[in-house]
**Student:** 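Supplied in structure tokens, the structure appears directly below.
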Amino acid sequence: MDKSTIICRCEEISYEEIEEVLTNGATTFDDIKRLTRCGMGPCQSKICHSLVASMIHEKTNTPYFQIPLPRMRMPLSPIKLETLATNSTSFSSVKSVMDEVELEDGKVR
Amino acid sequence: MDRSYETIIIGGGVVGSSIAYHLSEQTKEAVLVLDQKFPLSGTSGSTQAWVWVHNKTPSWYAEFSMYSAELYSYLSKKIGDVEFKRTGGLSPFFNEADREKAVRLAEAYEQIGIKIKVLSREEALEKEPFLNPDVVGATYSAIDGNVNPFRLVDRYMRAAKKNGVQYSTYNKVTEIQKMPGKFIVVSEKGEFSCKNLILAGGTWSRELGKLVDVNIPINQLRGQILVTEPLKPFLNYTISGLRQAFNGEVLIGYSMEQEGFNRATTLDVIQETANMAVHYVPSLKKAKVVRAFSGIRAMPEDGFPILGKIPGVENLYVAATHSGVTLSPLIGTLMTELILEGETSIPIDRYSISRFAK
């Protein structure tokens, strides 16, 4: 790997960009992800996580077994919103901002 | 690493890092930020990051939020590109009863200088053509917008470090001792001492307060958010419930659950959030969801920021709030004034922790 090697193909993040945040104090995959977007694309780090682990190992001398795995997110593979939607329009946990505006004696609190 | 500091800030999230940055602009005295993990690993890194003002209530809280939102353009000039966009904010409603509320809101806020327009169905659809044609109307204000929270905290941190602030990360504070004229802060990586101590622990404020025998009544409120694949730009405004980021992704979510520190995402709320998305913007149904994440909001017991000195303990301060992204430029500015000059340019008495001592 040299400085221009693309580590994260989804987000096109290079070795150099990851190296920079590692020297700036990031120590885990998820730290690197939040600062560079490495691993935030559609493959969810399936391609880059071992490359990043080797960089963390190299730069911080952390043994491989102590490097935490990236946090995987639902749905593990992209799916359409309509597949998730149930077409209900009654909501319980999901709020609307207008619901939170309360009137008191016909006036905004 | 030095062990003695003028000021130590516990918590390196958007609030703690903003205070660190603003402080470092004004003073050359040594400042240390301690974070139990790494900045962005908690609330600040799991948010839609709206800069939101227009339907905050009551009006004095909206006014406070407005002053902060107005600082963003200047802040971006100083710390670098944080992808701040003043898009304007749109809150659609789907029943006539909400129009009455909207009109009252607009009337009340005109008096404090927040311009809110109540849009008809046609006006709402003209502004945001992809909204559900069943929409009844919307409130609109030009003051709202959004920002990239990762860029924001990273930029605060980099700018603070450039000005000499030190960060110690993955370093949990385990004990705080009050000595005459100073604090001893015991952490996993050793002891530090400081004159001023600022508690900016966000969701963990209550736990942090226990170390100094102060009740900081902050609770946790979970929010779950869906992120789509990048789509061509098609949403013009920050809609209360969803927004399109610079890179084309749409972030969707406005859920609230009391689940403590449990950061799981759950199918029921993911489905409800998907329902909201297709209800607001029907054409989103063909968009793919790349991931879901959840974040734990810091929610003060009465919903309002807890800011300022902690009475009875000299040089001890607290800054803990909901809406840390919206408020961080102002909180950083005011806390800096308070620490260096003993008073603030905008009154924060209303936000004192002493209001809970009854």
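In what follows, chains carry the letters A, B, and so on, assigned in the order in which the sequence lines appear, proteins first and then strands, with residues in each chain numbered from 1.
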**Student:** Indicate whether the side chain of Glu272(B) and that of Ser92(A) have a donor and an acceptor atom separated by less than 3.5 Å.
**Tutor:** yes

**Student:** Counting heavy-atom pairs under 4.5 Å to chain B, which of Ile79(A), Thr27(A), Asn24(A), Val21(A) comes out on top?
**Tutor:** Ile79(A)

**Student:** For Lys59(A), does the NZ atom sit with more than 12 other heavy atoms under 6.0 Å from it, leaving out its own atoms?
**Tutor:** yes

**Student:** With only heavy atoms counted, which part of Thr89(A) is less than 4.5 Å from chain B, the side chain, the backbone, both or neither?
**Tutor:** side chain

**Student:** Count the heavy-atom pairs under 4.5 Å between each of Gly45(B), Ser41(B), Ala108(B), Ser240(B) and chain A, then report the option with the highest count.
**Tutor:** Ser41(B)

**Student:** Non-hydrogen atoms of chain B under 4.5 Å away: do they reach the side chain of Met72(A), the backbone, both or neither?
**Tutor:** neither

**Student:** Between Ser90(A), Pro42(A), Ser88(A), which shows the greatest number of heavy-atom pairs under 4.5 Å with chain B?
**Tutor:** Ser88(A)

**Student:** Please flag which part of Lys161(B) lies under 4.5 Å from any non-hydrogen atom of chain A: side chain, backbone, both or neither.
**Tutor:** side chain

**Student:** For the NZ atom on Lys162(B), are there more than 12 heavy atoms of other groups (residues, nucleotides or ligands in this structure) within a distance under 6.0 Å?
**Tutor:** no

**Student:** Counting only N and O atoms by type, is there a donor-acceptor contact under 3.5 Å from the side chain of Arg291(B) to the main-chain atoms of Leu76(A)?
**Tutor:** no

**Student:** Side-chain contact, heavy-atom cut-off 4.5 Å: Ile270(B) with Met74(A)?
**Tutor:** yes

**Student:** What is the distance from atom CG of Leu81(A) to atom NZ of Lys288(B), rounded to the nearest 0.5 Å?
**Tutor:** 12.0 Å

**Student:** Heavy-atom cut-off 4.5 Å, strictly under: side chain, backbone, both or neither for Glu229(B) against chain A?
**Tutor:** neither

**Student:** Taking Gln44(A) for the side chain and Val290(B) for the main chain, is one N or O donor matched with an acceptor at less than 3.5 Å?
**Tutor:** yes

**Student:** For Thr265(B), is it the side chain, the backbone, both, or neither that has a heavy atom closer than 4.5 Å to a heavy atom of chain A?
**Tutor:** side chain

**Student:** Report, as yes or no, whether the 6.0 Å neighbourhood of atom NZ on Lys189(B) holds more than 12 heavy atoms from other residues, nucleotides or ligands.
**Tutor:** yes

**Student:** Are side-chain N/O atoms of Asn275(B) and Thr86(A) paired as donor and acceptor at under 3.5 Å?
**Tutor:** yes

**Student:** Decide yes or no for Phe150(B) and Met40(A): does some side-chain heavy atom of the first lie under 4.5 Å from some side-chain heavy atom of the second?
**Tutor:** yes

**Student:** Are Asn247(B) and Arg37(A) side-chain neighbours, meaning at least one heavy-atom pair lies under 4.5 Å?
**Tutor:** yes

**Student:** Under a 4.5 Å heavy-atom cut-off, does chain A meet the side chain of Gln224(B), its backbone, both or neither?
**Tutor:** neither

**Student:** Could you look at Thr169(B) and say if it's the side chain, the backbone, both or neither that has a heavy atom under 4.5 Å from chain A?
**Tutor:** side chain

**Student:** Mind listing the closest non-hydrogen atom pair of Met98(A) and Asp98(B) along with its distance?
**Tutor:** CE-O, 3.7 Å

**Student:** Examine distances only and state if a side-chain atom of Arg34(A) and a backbone atom of Leu40(B) form a donor-acceptor pair shorter than 3.5 Å.
**Tutor:** yes

**Student:** Where does Asp268(B) contact chain A at under 4.5 Å (heavy atoms): side chain, backbone, both or neither?
**Tutor:** neither

**Student:** When you check the side-chain N and O atoms of Tyr170(B) and Asp31(A), is any donor under 3.5 Å from an acceptor?
**Tutor:** yes

**Student:** Can you say whether Val289(B) sits under 4.5 Å from chain A via the side chain, the backbone, both, or neither, judging by heavy atoms?
**Tutor:** both

**Student:** Test Ile32(A) against Phe38(B) for side-chain contact (heavy atoms from CB on, under 4.5 Å), laying out the working first.
**Tutor:** CA-CA 10 Å; Ile32(A) 294 166; Phe38(B) 195 77; over 6 Å; no

**Student:** Spell out, as yes or no, whether a donor-acceptor pair under 3.5 Å connects the side chain of Lys285(B) to the backbone of Lys80(A).
**Tutor:** no

**Student:** In terms of heavy-atom pairs under 4.5 Å, which option from Gly223(B), Ala102(B), Ala274(B), Gly241(B) contacts chain A the most?
**Tutor:** Ala274(B)

**Student:** Could you grab the distance from atom CZ of Phe293(B) to atom CZ of Arg73(A), nearest 0.5 Å is fine?
**Tutor:** 7.5 Å

**Student:** Under 4.0 Å between a side-chain nitrogen and a carboxylate oxygen: does that hold for Arg158(B) and Glu20(A)?
**Tutor:** yes

**Student:** In terms of heavy-atom contacts, does CD of Gln66(A) have more than 12 from other residues, nucleotides or ligands at under 6.0 Å?
**Tutor:** yes

**Student:** So, do Ser96(A) and Tyr280(B) sit near enough that their side-chain heavy atoms are less than 4.5 Å apart?
**Tutor:** yes

**Student:** Counting only heavy atoms closer than 4.5 Å, note whether Ala277(B) contacts chain A via side chain, backbone, both or neither.
**Tutor:** side chain

**Student:** If you count heavy atoms of other groups shown closer than 6.0 angstrom to CD of Glu12(A), is the number above 12?
**Tutor:** no

**Student:** What is the minimum heavy-atom distance between Phe91(A) and Met276(B), and which atoms define it?
**Tutor:** CE2-N, 3.5 Å

